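Residue numbering restarts at 1 for every chain, and letters A, B, ... go by the order of the sequence lines. Remember, it's a predicted structure, so these values are computed and weren't measured experimentally. What's counted below: heavy atoms across the whole structure, side chains too, no hydrogens, waters or symmetry copies.
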Protein chains: 2
Amino acid sequence: MTDPVGQSSRERYRAQVRAEIKQHAWEQIAAAGVPALSLNAIAKQVGMSGPALYRYFASRDDLITALIRDAYRSLADTVRAAFDSGTDLLGLAGVIREWARDDPQRYFLIYGTPVPGYHAPDDITAISFEVMAVLLEACGAPPADTRTTPFDAHLRDHRTWAFDHPAPAPTLHRALSFWTRLHGVLSLELAGHFTGMEFDPELLIAEELDTLPHGDRGLDPADRVSG
Amino acid sequence: MTDPVGQSSRERYRAQVRAEIKQHAWEQIAAAGVPALSLNAIAKQVGMSGPALYRYFASRDDLITALIRDAYRSLADTVRAAFDSGTDLLGLAGVIREWARDDPQRYFLIYGTPVPGYHAPDDITAISFEVMAVLLEACGAPPADTRTTPFDAHLRDHRTWAFDHPAPAPTLHRALSFWTRLHGVLSLELAGHFTGMEFDPELLIAEELDTLPHGDRGLDPADRVSG
DNA sequence: TCGGCGAGTTATAGCTTCTAACTATTCGAA
DNA sequence: TTCGAATAGTTAGAAGCTATAACTCGCCGA
């Protein structure tokens with residue numbers, strides 16, 4: 001009994017239960033963080049008893065890995081969709097910030113405290129490259145009058161990139177600065193390190209991105225095809 | 001029986017055991033992260049059995065809070081000492097990066113994934129203000145020809161700072177940019193998000209700080225008194 | 001119709017944090 | 001010097017967790 005997509009009814013049921021489990025897992029994480037995630041509690045919530053959950057996820061780490069993968073996938077899709085519909089760099093920052101504020105713990109699952117010794121599976125790092133690829137596209141080609149900085153030269157000499165993207169060094173530089181500046185503000189904001197200072201992080205981000213290296217570009221999304 | 005410092009021998013012993021417990025806790029955290037920290041395991045390591053450890057720390061969270069406090073204290077002292085011995089902003093970044101790379105999990109204990117609902121005790125946030133105060137001092141006074149940016153104006157209008165520091169808005173801006181840019185690069189570096197790209201994060205940091213807002217200052221540490 | 005796969009169960013081991021109750025030691029003051 | 005109180009440590013145990021083992025039941029496909 002297979003449906004048009006090639007899934008048997010058992011496989012469909014399985015996928016649905018897995019999704020339900022992950023849904024409850026996300027709720028627990030949003031409420032109290034990853035450390036408080038309890039497989040037992042989730043099992044009760046979905047109406048099964050303890051060990052039954054191990055039919056769907058081999059271990060607690062396996063469930064968390066699946067959540068990390070979904071988080072990356074969601075971020076990559078969000079960024080890609082925004083870019084494809086004509087959003088510029090500042091707009092992408094807004095989209096990413098919105099995505100992060102929508103579920104801070106999901107953001108920290110990707111960019112938060114790492115577990116020593118943990119190595120994400122290859123398919124997950126591949127998704128992280130997708131995000132980087134969009135940023136590189138959004139950065140576009142460097143303007144004609146680009147003066148290469150020392151870091152540009154350094155980047156040019158150390159291009160053993162894990163994925164080969166044809167972007168020139170100044171574009172890499174710009175994308176890296178975009179990424180690190182946005183993450184710097186955003187992660188501190190989400191972690192509550194700005195509490196007590198009542199400025200608007202969005203304005204800080206805007207200005208940080210306005211002074212990105214190799215600037216005066218990306219203002220007209222129509223130009224991006226020529227990059 | 002009190003020594004010159006006013007500590008009884010019992011208090012001295014207590015402090016020593018607490019320190020020994022924290023030492024082992026740091027080792028566990030460095031090896032496997034906070035989630036793997038086990039009070040039972042620590043108790044065995046210091047030669048006492050399980051519950052005895054609760055004489056020294058009321059709970060696991062209490063121990064972790066003490067570690068967070070020590071981490072903040074260590075960072076604040078490190079930054080203050082470096083600044084007082086004439087280190088400029090770029091140098092401070094180097095000192096902070098060195099401090100972070102020396103024990104990445106200690107850095108993430110402060111700046112990593114937050115626990116939803118957790119509020120650090122006031123004495124800890126006070127230490128975080130010490131760090132910020134040093135950064136503000138290191139940023140010095142804005143140059144005479146400073147053109148206020150929109151974010152400067154915003155900062156001027158939203159100065160309900162939790163601690164009142166007399167620094168003008170452009171200095172706040174500069175310090176915030178320093179903090180967020182450094183943290184942006186550093187946290188991604190420590191978390192391993194740059195693996196596969198073999199550039200030197202130190203060079204990126206140097207350039208990010210070189211293009212800080214309201215620049216052309218702090219080059220001569222002798223000027224800092226006039227700030 | 002029947003065999004087998006798989007989803008679910010309970011029982012259990014071994015770990016965790018943390019409380020309760022108890023013992024023994026040590027400190028300090030009368 | 002002796003006695004009372006505070007304190008460091010113990011074991012026992014409750015409640016929770018992850019994870020495995022062994023088992024039962026029901027559905028799906030041949």
Side-chain angles (χ1 to χ4, degrees), chain A residues 1-29 31-68 115 117-118, chain B residues 1-29 31-68 115 117-118:
Chain A
M1 184 198 264
T2 57
D3 71 352
V5 200
Q7 274 189 333
S8 72
S9 86
R10 270 211 171 123
E11 282 168 336
R12 255 183 291 122
Y13 176 76
R14 208 181 152 69
Q16 187 197 321
V17 174
R18 273 180 69 99
E20 193 176 349
I21 290 170
K22 289 194 285 189
Q23 180 55 38
H24 287 281
W26 280 120
E27 288 165 9
Q28 283 195 9
I29 288 179
V34 171
L37 189 146
S38 158
L39 297 193
N40 257 337
I42 294 175
K44 283 178 190 168
Q45 282 179 318
V46 302
M48 58 175 75
S49 216
L53 203 141
Y54 287 80
R55 294 269 173 204
Y56 298 93
F57 294 94
S59 68
R60 189 174 180 273
D61 281 1
D62 188 50
L63 171 57
I64 294 175
T65 297
L67 297 179
I68 294 175
V115 176
Y118 176 82
Chain B
M1 187 197 264
T2 57
D3 71 352
V5 199
Q7 274 189 332
S8 71
S9 86
R10 267 208 171 123
E11 282 170 334
R12 256 182 291 122
Y13 175 77
R14 207 181 152 69
Q16 186 197 320
V17 174
R18 273 180 69 101
E20 193 176 349
I21 290 170
K22 289 194 287 189
Q23 180 56 37
H24 287 282
W26 280 120
E27 287 165 10
Q28 283 194 11
I29 289 178
V34 171
L37 189 147
S38 157
L39 297 193
N40 258 337
I42 294 175
K44 283 177 189 168
Q45 283 180 320
V46 302
M48 57 174 75
S49 214
L53 203 142
Y54 287 79
R55 294 270 172 204
Y56 299 93
F57 294 94
S59 69
R60 188 175 182 274
D61 282 0
D62 188 50
L63 171 57
I64 294 175
T65 298
L67 297 178
I68 294 175
V115 177
Y118 175 82

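- Among all heavy-atom pairs drawn from Ser49(A) and Ala43(A), the shortest one is C-CB, 4.3 Å.
- Here the CH2 atom belonging to Trp26(B) is positioned 10.0 Å from the CG atom belonging to Leu37(B), to the nearest 0.5 angstrom.
- Rounded to whole Å, atom P of dT16(C) lies 17 Å from atom CG of Asp61(B).
- With a 4.5 Å cut-off on side-chain heavy atoms, Val34(B) and Leu67(B) do not count as touching.
- Distance check: Ser9(B) OG to Gln16(B) CD gives 11.0 Å after rounding to the nearest 0.5 Å.
- Separating the CD1 atom of Ile42(B) from the P atom of dC15(C) is a distance of 17 Å, rounded to the nearest angstrom.
- A pairwise comparison of heavy atoms in Ala66(B) and Phe57(B) identifies CB-CE2, 3.9 Å as the closest pair.
- When rounded to the nearest whole Å, the span between OH of Tyr13(B) and P of dC27(C) equals 11 Å.
- The shortest distance between the side-chain N/O atoms of Asn40(B) and the OP1/OP2 oxygens of dC15(C) is not below 4.0 Å.
- No side-chain heavy atom of Asn40(B) sits less than 4.5 Å from a side-chain heavy atom of Leu53(B).
- Note on the helix from dT1(C)-dA30(D) to dA30(C)-dT1(D): terminal axis deviation equals 10°, with five pairs used at each end and the result rounded to 10°.
- Within the structure, the salt bridge (charged side-chain N to carboxylate O under 4.0 Å, His left out) test picks out no pair touching residues 41-67 of chain A (sequence neighbours left out).
- To the nearest angstrom, C1' of dC17(D) lies 10 Å from NZ of Lys44(A).
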Side chains of residues 17-25 of chain B: which donor-acceptor pairs under 3.5 Å do they make with residues two or more places apart or in other chains?
unit_1   : atom_1 : unit_2   : atom_2 : d
Arg18(B) : NH1    : Tyr56(B) : O      : 2.7
Lys22(B) : NZ     : Asp70(B) : OD2    : 2.7
Gln23(B) : NE2    : Glu27(B) : OE2    : 3.2
His24(B) : ND1    : Gln45(B) : OE1    : 3.3

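- The distance between atom CD of Glu11(B) and atom C1' of dT26(C), rounded to the nearest whole Å, is 15 Å.
- Shown here for Ala36(A) and Gln28(A), the closest heavy-atom pair between the two residues is O-OE1, 3.6 Å.
- Counting heavy atoms from C-beta outward, Ile64(A) and Tyr118(A) have side chains that stay 4.5 Å or more apart.
- Considering CE of Met48(B) and CD1 of Ile42(B), their distance stands at 11.0 Å, rounded to 0.5 Å.
- Residues of residues 14-23 of chain A that place a heavy atom closer than 4.0 Å to DNA chain D do not occur.
- No contact: Leu63(B) has no heavy atom under 4.0 Å from any strand.
- The CZ-P distance, from Phe57(B) to dG9(D), rounds to 13 Å in whole Å.
- Near DNA chain D, defined here as any heavy-atom distance below 4.0 Å, the residues from residues 46-56 of chain B are Met48(B), Ser49(B), Pro51(B), Ala52(B), Arg55(B), Tyr56(B), listed numerically.
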Output a table of nitrogen or oxygen pairs between the protein and nucleotides 24-27 of chain D separated by less than 3.5 Å.
unit_1  : atom_1 : unit_2   : atom_2 : d
dG26(D) : N2     : Arg10(A) : NH2    : 3.3

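- Following rounding to the nearest Å, Arg60(A) (CZ) and dT16(C) (P) show an atom-to-atom distance of 15 Å.
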